[in-house]
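Note that this is a predicted model, so its numbers are computed, not measured. Each ligand, and each atom within it, is numbered from 1 in the order the structure gives.
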Amino acid sequence: MASIWAMETSIRRRKPLAGDLKTEVAVVGAGMAGILIAYRLQKAGRQVVVLEAGRIGGGQTRNTTAKITSQHGMFCQKLIQNLGRERARQYAAANEAAIRAYRELIDSRGIDCDLEAKCAYLYGVDREALQREAEAAASLGLPAVYLEQVPLPVPGAGAVRFAGQAQFAPLRFLAALAEKLTVYEQTRVLRAEGQTLVTDRGQVQAEQIVFACHYPFINFPGLYFARMHQERSYVLALENVPKLDGMFIGASSDACSLRTCGDLLLMGGESHRTGEDRQGGRYAALRQRAKEWFPGCREVACWSAQDCITADGAPYIGRYAASRPDWFVATGFHKWGMTSSMAAAMVLEDLMCGRESPYAAAFDPGRVTLGLLPGVAEESVQAARGLAKTFFQPPKERTILPGHGGETAVRGEKAGVYREDDGKALAVSLRCPHLGCQLTWNPDENSWDCPCHGSRFDKEGHLLSGPAQKDLRKR
Ligand code: FES
């Protein structure tokens, strides 16, 4: 299930690392964040290499809806409460600066990536809540106004409108930007030892290291697993639809995201914590809503995305940990990877070149904020649950029908089994190789997903996405 971006763009292949090398800066991850960080640092005169386990843009960048916006849902009131007003203002300013930086970069390099100016709308039926959100956003310096009506088929909905936002084709932008960078594809970083990255193709020694690989897989120091989880959401590309003028996101947790893309409409939603989709039916629910809102629409593509959610809602961008002053991180972009990637590149360029960043405090991975503690407590409860299932729930034999997956017992031990249509069983260990939580079956995507920190594996147990670094054991 490839996204429309993956279908329309082919990015030039790069060779894997061949042996050891030394560099000033090594960036782990060649998604939007990694490439932007590398690009800005190289432009600032640094010698940079990028190490990528798969392909450039092959992770979550190809699954985005590619809105370049500081409109991050029903978020500003929560942001002020969680971070405090000063940091919330920095967060808002960084995102507005990120939009300008995209425009300048695309204009100055003449990148053909369908950049279009758009307004962003937060829509919903609770008008008082929307009015409060518009006031909170405006108080942070964001270009927000409350509107009584929104141009969408949602009865009784009002909106908060942000002016001066944008949308684009992300992989075309990424391909152009990566062209002059040194990127090693198919090169997986296995571990970091001081200033050395050990990969499956050789070792890279770097004065500074940036982890921009979606979810930082080094557990200690940093403890990112204790203060972040992942969520999945689903997208349909529809044709034969009305042309909507703007980008839209619903205010309630079950609402949809919408944006046009040429003659198509991208409709996203059905978000859930990774590992919590036992019943499935996410695509079906989205298709049903598409039919109700846009009768006569036809689906041309569908895909899913995965996002890192931090304990207080703001990304972690800055020094990886106090004990590693030359390691840096960019993660936890919530569902707003485009502006957050550019904000990360701006903040890290300043910090890594020894300059002050006007936005660093808002994103500081070592921050202690009011919103952090409840989030960390919730992550601990989830991890305890996942571990308890692994260690204290005895194996139970169950029948797994063809075309289905689930937990059962194999030779007296707990296992995950997917049964092919011809009856053949694929059995894997249900113990996540990251920190040991019990995996669950995702019937929408035929994958084994971890509810603790969001690692995913295909039906045969091959690693799809981390923080886990290894495949599942076969049973
Ligand atoms: Fe951490 Fe599975 S992703 S235990």
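Checked against the 6.0 Å centroid threshold, W441 and Y418 count as a close aromatic pair. Ring centroid separation for the pair H72 and H334 does not come in under the 6.0 Å cut-off.
Stacking of R89 on the aromatic ring of Y91 is not recorded, the 6.0 Å distance cut-off and the 45° axial limit not both being met.
Contact annotation: C432 places an N, O or S atom under 2.8 Å from atom 2 (Fe) of ligand 1.
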After noting the C-alpha distance and the side-chain angles of F225 and F217, does the key distance pass the ring pair (Phe, Tyr, Trp, His ring centres under 6.0 Å) rule? CA-CA 8 Å; F225 65 87; F217 56 88; over 10 Å; no

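The shortest heavy-atom distance from A468 to ligand 1 is not under 4.0 Å.
Every atom of ligand 1 with a heavy atom of H434 under 4.0 Å away is listed here by number and element: 1 (Fe), 2 (Fe), 3 (S), 4 (S). Each of the following atoms of ligand 1 lies closer than 4.0 Å to a heavy atom of S455: 3 (S). Which parts of ligand 1 touch C437 is read off a 4.0 Å heavy-atom cut-off, strictly below it: atoms 4 (S). Shown in contact with G436 at under 4.0 Å from a heavy atom are these atoms of ligand 1, numbered in order with element: 4 (S). Close approach of ligand 1 to C450 (heavy-atom distance below 4.0 Å) involves ligand atoms 2 (Fe), 3 (S), 4 (S).
Ranking protein heavy atoms by distance to atom 4 (S) of ligand 1, first place goes to L435 N, 3.3 Å.
C437 has its SG atom within less than 2.5 Å of the SG atom of C452.
Using cut-offs of 30° and 60° on the angle between ring planes, the pair F168 and Y102 is perpendicular.
One distance of note links CD1 of I209 with CH2 of W327; it measures 6.5 Å at 0.5 Å rounding.
Distances from atom 1 (Fe) of ligand 1 to each N, O or S atom of H453 single out ND1 as the nearest.
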